[in-house]
Structure formats: C-alpha cells, structure tokens
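To find a chain, count down the sequence lines: A is the first, B the second, and so on, and within it residues start at 1.
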2 protein chains.
Amino acid sequence: MNKSKQPTIKEIAKRLKISTSTVSRALNNHPSIGLVTTMRVKKLAEELNYEPNRTAIFFKQRKTFTIGVILPSLSEAFFSAAISEIENYANSKNYTVILGQSLDDPERELKIINTMKTHRVDGIILSSAKNTREFDYIDVLKNAGIPIVFFDCVPDIPNINAIVSNLKTGMLQAIDTFVSCGHQSIAFINGPGHLPASKEREGAFIKGLTNNNIPINRDYIVYTDLSEQGNEDAIIKLVNLIDRPSAVVSFNDYVTLDAMNAVRKKGLIVNQDIYFISYANYPIWKYMENPPMASIEQLPGEQGAKASQMLFDLIDINVEGDSDDKSAIQGQKIVLESKLVNQHL
Amino acid sequence: MNKSKQPTIKEIAKRLKISTSTVSRALNNHPSIGLVTTMRVKKLAEELNYEPNRTAIFFKQRKTFTIGVILPSLSEAFFSAAISEIENYANSKNYTVILGQSLDDPERELKIINTMKTHRVDGIILSSAKNTREFDYIDVLKNAGIPIVFFDCVPDIPNINAIVSNLKTGMLQAIDTFVSCGHQSIAFINGPGHLPASKEREGAFIKGLTNNNIPINRDYIVYTDLSEQGNEDAIIKLVNLIDRPSAVVSFNDYVTLDAMNAVRKKGLIVNQDIYFISYANYPIWKYMENPPMASIEQLPGEQGAKASQMLFDLIDINVEGDSDDKSAIQGQKIVLESKLVNQHL
DNA sequence: CTGTTAGCGCCTTCAA
DNA sequence: TTGAAGGCGCTAACAG
C-alpha cells in the first residue's frame, strides 16, 4: 500500500546476508557468480517483487533509453502511421518514446526540442514544422551528443541524417496517368515555395509535362500555405482561369480535400469537370463517393521504421565508439520511392 | 564536440571556490542565498552552458516528471484531439508525455503498462482497449503508487478515477431529431455488449424511443465488434429486414463510415433512403458529400484536459500527503455532457 | 547567509 | 567466486 516499500538491491543483500555487489551481479547474470547464489538471489527478488529502479540506472549509465519524436500533428494519418512504426521499433529495443506535437509552429518546435534535451533523450526523430527556417538547434543537439534523424519534412542543410521520399517518381506517374486519360491541361497546387519538398515536386511536375510534350503554362502552377483558406484560394485561382485545367495535382491529400469542397461550391463536379491526384494516400478516400483519381503513397510506416533504424544505429555508435567515427555515419540520407495508387473509381 | 564535457554543479563550485550546495541553492533561487553569489553563479552557469542533469534529479526526487498516456490508436481523430490537450496540460506543468498505442489489444496494453511502470512514470492516463477484461493491473499500479485516470473507455469497476462522457443526452437528442424529421423506424448499431458504453447507449436508445411512444423492435438493435466486417454485417442485417429502418443511430462515426459504404453497395442512397446519426463528430464529415444528419460531439479535447487535471491532482496528493488522504480523491468520476451537432445537409 | 555531510540505488573497479 | 569501497549529480538536513 505504501509506495516507499519498493524493495532494493540492498534489501535483498541484507536478507541473504551477502553484499549488494553480489546481488547486482547475480541479477545481471554475471558469469562469475555461483549458480546457487544466483538462484537464491533471483528467487528472493521474485518473491519480494523486486524491480530495478530505472531512474537510478539511467542516472548511472548516463542514458535514458528514451527517444523523442516530434511531429507537426498526430491527427494527420501520415504521422500517426509513422509514429506507430517508430513506437514498434523502439519498443523492440526496449526504448520508450516521448512525443511532441509542434503544430507546425517553429517556436513550439524549438521549445519541445529543448525539453527533450533537458530530459536527456538518447535521440530524436523529427519531422520539421513546415515553416521552420532556423536550424541552429542542430548544432546544439550535436554538441549535447544527441543524434537526430529527420524525415518527411527535411531541411535543406548539408550533413544531416534523413529519410526522404522520392517525390519525383510519384509526380511523373501522376502526370502520365492524367495524360493517358486524355488530359492536356494539367495544373499543380504546390506548397510553400521555400520547402525543399515543394521545389522537388515542382521540378518533377515540369519534367513530367515536358516528357509528354505539354508546354508549361505558368498560370497552372499556384501555391498554398497549406491553410484551409490558402488551399481554397489556390484552387479558385485555377478554376477561374479562362482555360480552366481539367486535372490538378496537389501538394497533398489535405489540400485536395479543401480544393474539392471549393470546387463543388463553384458548381463543378469532381471526377467529371475536374480530376485530382495528390500525395499521401489518405486512408479516408475509400469512404468518399468521389475520391481523387489516384494518390501517391508515401509509405509513412516505412519512413518511420527506417528513421528509427537509422537513429538507433547512431545511438549505438555514440555508445560504442566514443571517438569521432560517428562521423562515419553522419550525414546519411535514405531515399524511399513513392508510388501511385489508383483509387477504385 | 565531446559529449562528456557537460558541466556540473561541482565544476561551477570549484571555479567559484564555493560549495556545491550553495551553487545548487543559487540555481534554484533559494531565498537564503546572497544576491551577489546568486548572480555570480548564474552568470558562470550561463557561460559554461550549464544544464542540470535531469536523470540525477529524477533519481534523487524519486519522480520522473513524466506521465504515460495509453490509447487504442492515435489515428482516430478522437484520440489525437485528446492527446493534444493532455500534452498541453502536461507541458504547462513541465511534464513530459510518454505514449503507448494498445491497438485495442489487451496483451499489448498490459505490456505498455508494465513498461511505463518500470520507467517509473508519475501517473497514467488510459483509454482502455475495447476488449480488455482483466484489470488486475489497477491494483499493481496502486501498490506501486502510480495513480491512474481512465477516460473514454472506462472499465466498470468501483473506486477508479475516470472521466466519462454522458452518452445518454446525445442519444436522446439523436432520436428526437430523427422523430422530428418524421422517422418512426429507427434502428441502432451498438458496439460490443460487454462495454459499459454500449449498455449506456442501449438504455438511452430504448428510453428515447419510449419517450416518443415508439414501440421497441428488437430486430432494430444489432451489434458489431467494431471491425470493418462487423460493421458491414450489422448494417446489412438491418437493410435486409422486410421493414427496413429509415434511420440508424450507430456506435460511432467509424461504424457509420463502413455502414454507408455497405449501404451504397446495396444501391441505397444515403440521406434519402436511409439516414445516420452517430457518436464522435469526426472532423472529416465536412468533406463528405453525404455526411450523417448529425453527430454527437464527445469533446475529446475537454476529456483529455479534465483527465490531465485529475491526474495531476492525484500526483500532487501523492507527493504532499504521504498519508492515505489520497483516498479522499480516490474513485472520483467526472461526467461530461455530450451534445448533438447538426451537419450542414 | 554558507559549508559539511550524507545519501538516493545501482554498478564497477580493486582487492581478497 | 565474493566483498568493500567509491562515485554518478544533485539535494537537503544540520551546523555553523
């Protein structure tokens, strides 16, 4: 009933009239301890319901067996899928995950990073807020010896560890799909221009059109800040063009959702007057009466798993090689392919 | 560059030729320390980039300033909303949140609880897996001095701390709404019979019909195990009845999604041949061309906030009153109202 | 106002 | 194969 009666190694030692070091060693299966003593210790530990005090171990080992994961938002399906895999991986290594939502606010993001730093996490996985521009924390963390792995939204900075998805393949497939369905006026709602992910998408978009001998029409490329209003404004701009496009690739499925709503309000019919393809392959599509023609799967689960794997490699190196051979793995980037998934239209 | 050079309180003491306790006190703004020394200490700490070693503090204080949150799934909008608020609340108290997804698997749930226990979290907020039947861990945690607050899915056990939502009000409103739109054959897709939440809903359903002088038709109450298949089977059973109901209340929005898909496959038209109302007020409805007529808002954010508040009250009591006055607050239940939200049909 | 001392629970040399 | 002793970084009596 009383919480203070948690048995310790000392208690066991006293009862068994042996030293604490012997108990410690027995509990950790140290080879130099006699089988009998080991058994006796373990038996009593069992009876007493002994559990090692992790906080003491953390302290002693200078490790917390905890990793931090910072994401813009848990409610986006992409991120909840990613974190599930991260959690799985971490648990399999007997690590715990602590969580932070930046809500795409750079200040909040920084605050979370600092909290995690003071909590001495052993490593961090981060999908940056969309409009973070300052990345000084990277050096701070490096100095603190905390490895960090980026994924999804990765800053354009040399020598960082990251998992990124190849946005190009998906875009090219999207355009080919549109073209093969007879579309020639294809537009693109891109995200904020400063994001590497936006640049990559835009390059691929242009490439895709060129591949299909479609001239580039600058009016067909619009931008959104990813807010609901921004998304609506973007699609409205396209819809109001004299030569309204018949097909739209958009930055991601959330943009598409808002765009579809706006389009309907204008009296147009989705999948008849105008067609969509976007990134993320949002699971809700299967419940929509008029989903996009296709969606580009970005494999959040795999990204999460790979990111975890990379992070644990870095953590292990940190522990073993106390030297600088950690630089060996520093600045690694893994690229995952994206691929188009057709919806059942 | 080297991680081992983290300055400690000792280092500061040595440089300033004062004792470590003075440094410690100065850093913690202890009133009995001279202003000058305090300033000198703080200045040097700043210069040295000193940061307290939390693991040492955790160890010393026998607290981790960490709470555990266990949820069936992060991808459900209800839970991601709840956890956002929990996180906010915890952060405002300088606590960190560690996270676990049970995926509605009782074994996994138990494993997470144990991990959190060995990690010595200061408290736990738990929305139980739908089919957990063993609650022995409640006593285990109590013995370990770890308070626990349930929310959303709360076991039917006396003397537990919980936040629950009043499912009755919402159900009565739902039925009144249906009736006032002319519906007389109203059916109900309930969740697993063993859940308290199912019993409460069913009681209210019957009450609602009675209030409106509608006779109870047992065929109009069906059950699902909440799997996609179960959801489909349930609605199909209703749709195949000779006197097919024109209105359906369902356990939650996810059930409704599957039901709508199944109904459409049968050639029926939602919001014309058959109408829906369900629990949860899933944010995606605003993007659907045919959302349910209404949805019962369960205020996940508020539930999360209240749960956090209750948990921190328990934690504080644990710390201050080392005696049993914790029983004073033991077994508290807070009920939040649910209310119907009409969709823009 | 400040220093001394002791100890949280565990692990790990070093010595026997 | 075992014990004794020391220390991780910090806080908190108890003394001055």
Hey, can you pull the residues of residues 53-60 of chain A with a non-hydrogen atom under 4.0 angstrom from DNA chain D? F59(A), K60(A)
In whole Å, I'd like the distance from the NZ atom of K10(B) to the P atom of dG6(D). 14 Å
Which pairs, protein N/O on one side and nucleotides 13-16 of chain D N/O on the other, fall under 3.5 Å?
unit_1  : atom_1 : unit_2 : atom_2 : d
dA13(D) : N6     : R25(B) : NH1    : 3.3

Between dG7(D) atom C1' and I9(B) atom CD1, what is the distance in whole Å? 16 Å
Partners meeting side-chain contact (heavy atoms from CB on, under 4.5 Å) with E51(A) (sequence neighbours left out): K117(B), T118(B)
Quick one: list whatever passes side-chain hydrogen bond (donor to acceptor under 3.5 Å, both in side chains) with S21(A), sequence neighbours left out. S19(A)
Using a heavy-atom cut-off of 4.0 Å across all strands, would you classify T8(A) as base, sugar-phosphate, or nothing? sugar-phosphate
Which residue lies toward the 5' end of DNA chain D, I33(A) or T20(A), if each is placed at its nearest nucleotide? I33(A)
How would you list all residue pairs meeting side-chain hydrogen bond (donor to acceptor under 3.5 Å, both in side chains) that involve residues 301-311 of chain A, not counting sequence neighbours? none
Atom-pair distance (NZ on K63(A); C1' on dG9(D)), nearest Å: 19 Å
Sequence neighbours excluded, the answer for ring-ring contact (aromatic ring centres under 6.0 Å, His included) partners of Y95(B) is F65(B), F312(B)
So which atom in Y50(A) and which in P7(A) form the shortest heavy-atom distance, rounded to 0.1 Å? CD1-O, 3.3 Å
Terminal axes of the helix from dC1(C)-dG16(D) to dA16(C)-dT1(D) (five pairs each): angle between them, nearest 10 degrees: 40°
Taking only N and O in the side chain of Y50(B), is any of them less than 4.0 Å away from OP1 or OP2 of dC10(D)? yes
Tell me, please, the opening and closing nucleotides of DNA chain C, 5' to 3', among those with an atom under 4.0 angstrom from a non-hydrogen atom of chain A. dC8(C) to dT13(C)
Protein-nucleotide distance (R62(A), atom CZ; dG7(D), atom C1'), rounded to Å: 11 Å
Under the salt bridge (Lys or Arg N to Asp or Glu O under 4.0 Å) rule, collect the residues that match up with K60(B), sequence neighbours excluded. none
side-chain contact (heavy atoms from CB on, under 4.5 Å) involving T115(B) - partner list, sequence neighbours excluded: H119(B)
Can you list every pair that meets salt bridge (Lys or Arg N to Asp or Glu O under 4.0 Å) and has a residue in residues 30-50 of chain A, with sequence neighbours left out? K43(A)-E47(A)
Determine all donor-acceptor pairs shorter than 3.5 Å in which one atom belongs to a side chain in residues 97-106 of chain A; sequence neighbours excluded.
unit_1  : atom_1 : unit_2  : atom_2 : d
Q101(A) : OE1    : L74(A)  : N      : 3.1
Q101(A) : OE1    : S84(B)  : OG     : 3.4
Q101(A) : NE2    : S84(B)  : OG     : 2.6
Q101(A) : NE2    : E87(B)  : OE1    : 3.4
S102(A) : OG     : D104(A) : N      : 3.2
D104(A) : OD1    : K130(A) : N      : 2.8
D105(A) : OD1    : E107(A) : N      : 3.0

Looking at K63(B), M310(B), K93(B), which hits side-chain contact (heavy atoms from CB on, under 4.5 Å) with I315(B)? K63(B)
